[in-house]
Amino acid sequence: MGERLDKLLADTGRWSRRESKELIRQGRVTANGQRCKGPEEKYERECLDLRVDGAPVFAEKYTYLMLHKPGGLLSATQDRNQRTVLDLLPAELRRRELFPVGRLDKDTEGLLLLTNHGELAHQLLSPKWHVDKVYLAQVAGQLNQADVEAFEGGMTLGDGLVCLPAGLEPLADPSWGRVTLREGKFHQIKRMLAARGKPVVYLKRLSMGPLELDPELKPGEFRPLTEAEKGALLGCGGGQIPPLK
Ligand code: URA
């Protein structure tokens with residue numbers, strides 16, 4: 001539905017409704033790069049790049065999007081030959097220089113945070129802060145107690161990869177399990193489970209620190225983080241990382 005343009009401007013407290021109308025009439029207001037024509041135009045507040053004389057109206061410095069990554073796309077900002085998760089965003093969001101926080105394999109689905117907040121990304125990914133990432137995995141075979149203990153003990157793989165202790169919880173159907181990692185090495189879950197003789201056939205990320213994949217988001221859909229989600233990530237990282245400025 002959206003809100004009227006003059007209301008959006010007036011809600012910032014910087015201009016009255018009458019002054020807002022005047023700014024629009026003078027052609028000084030743009031929305032997502034297009035000059036606005038009248039105060040009655042309606043826009044969604046979230047993800048709106050609204051400017052007066054070229055200066056952003058909303059104070060937010062950074063953008064944070066939760067994406068339900070579908071299979072088949074690269075977790076990268078650009079690629080010569082293949083589609084990336086950034087291709088799912090409209091042009092006005094692509095202009096914000098967003099990048100995915102951490103990589104999911106091309107065939108992995110689920111939670112991906114897109115932001116242009118470099119310091120947050122650095123903290124969430126730093127091994128120093130051990131932010132838990134939880135995945136749903138399906139394997140060819142059945143997960144058992146020996147697999148759980150191997151994960152808990154910290155595996156060293158045949159290819160030399162040394163893994164921190166990780167969580168594995170087989171589900172009611174033991175070809176499915178919930179895996180919790182505190183690091184994110186290349187193809188880590190696939191390599192750990194392959195080393196147990198149980199190759200992964202499906203993988204989906206459910207959460208990262210305090211951020212959980214919104215069950216309402218279908219693969220390929222995204223939405224801005226709520227204030228509560230932003231607060232959890234920025235304020236304390238679920239108690240795991242120190243507050244950011
Ligand atoms: N582990 C994997 O093997 N792949 C992913 O995409 C994420 C974790």
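Numbers here simply count residues along the sequence, with the first being 1. What you see is a predicted model; the values in this text were computed from it and never measured. Counting starts at 1 for both ligands and their atoms, in listed order.
- Under the 4.5 Å side-chain heavy-atom criterion for ILVMFWY residues, no single connected hydrophobic cluster contains both L217 and L88.
- By the 4.0 Å N-to-carboxylate-O rule, K204 lies too far from E109 to be salt-bridged with it.
- Across all their heavy atoms, Q142 and V139 have their closest contact at N-CG2, 4.5 Å.
- Checked by atom type and distance alone, the side chain of D107 never pairs as donor or acceptor with a backbone atom of G71 at under 3.5 Å.
- A 6.0 Å sphere centred on CD of E169 holds more than 12 heavy atoms belonging to other residues, nucleotides or ligands.
- Remark: K106 pairs with Q82 by the side chain to side chain donor-acceptor pair (under 3.5 Å) rule, at least two apart or across chains.
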Can you list every pair where an N/O of ligand 1 is under 3.5 Å from an N/O on the protein?
unit_1	atom_1	unit_2	atom_2	d
ligand 1	1 (N)	I189	N	3.2
ligand 1	3 (O)	H187	O	3.3
ligand 1	3 (O)	Q188	N	3.3
ligand 1	3 (O)	I189	N	3.2
ligand 1	3 (O)	K190	N	3.0
ligand 1	4 (N)	D105	OD2	2.7
ligand 1	6 (O)	D105	N	2.8
ligand 1	6 (O)	D105	OD2	3.4
ligand 1	6 (O)	T108	OG1	2.9

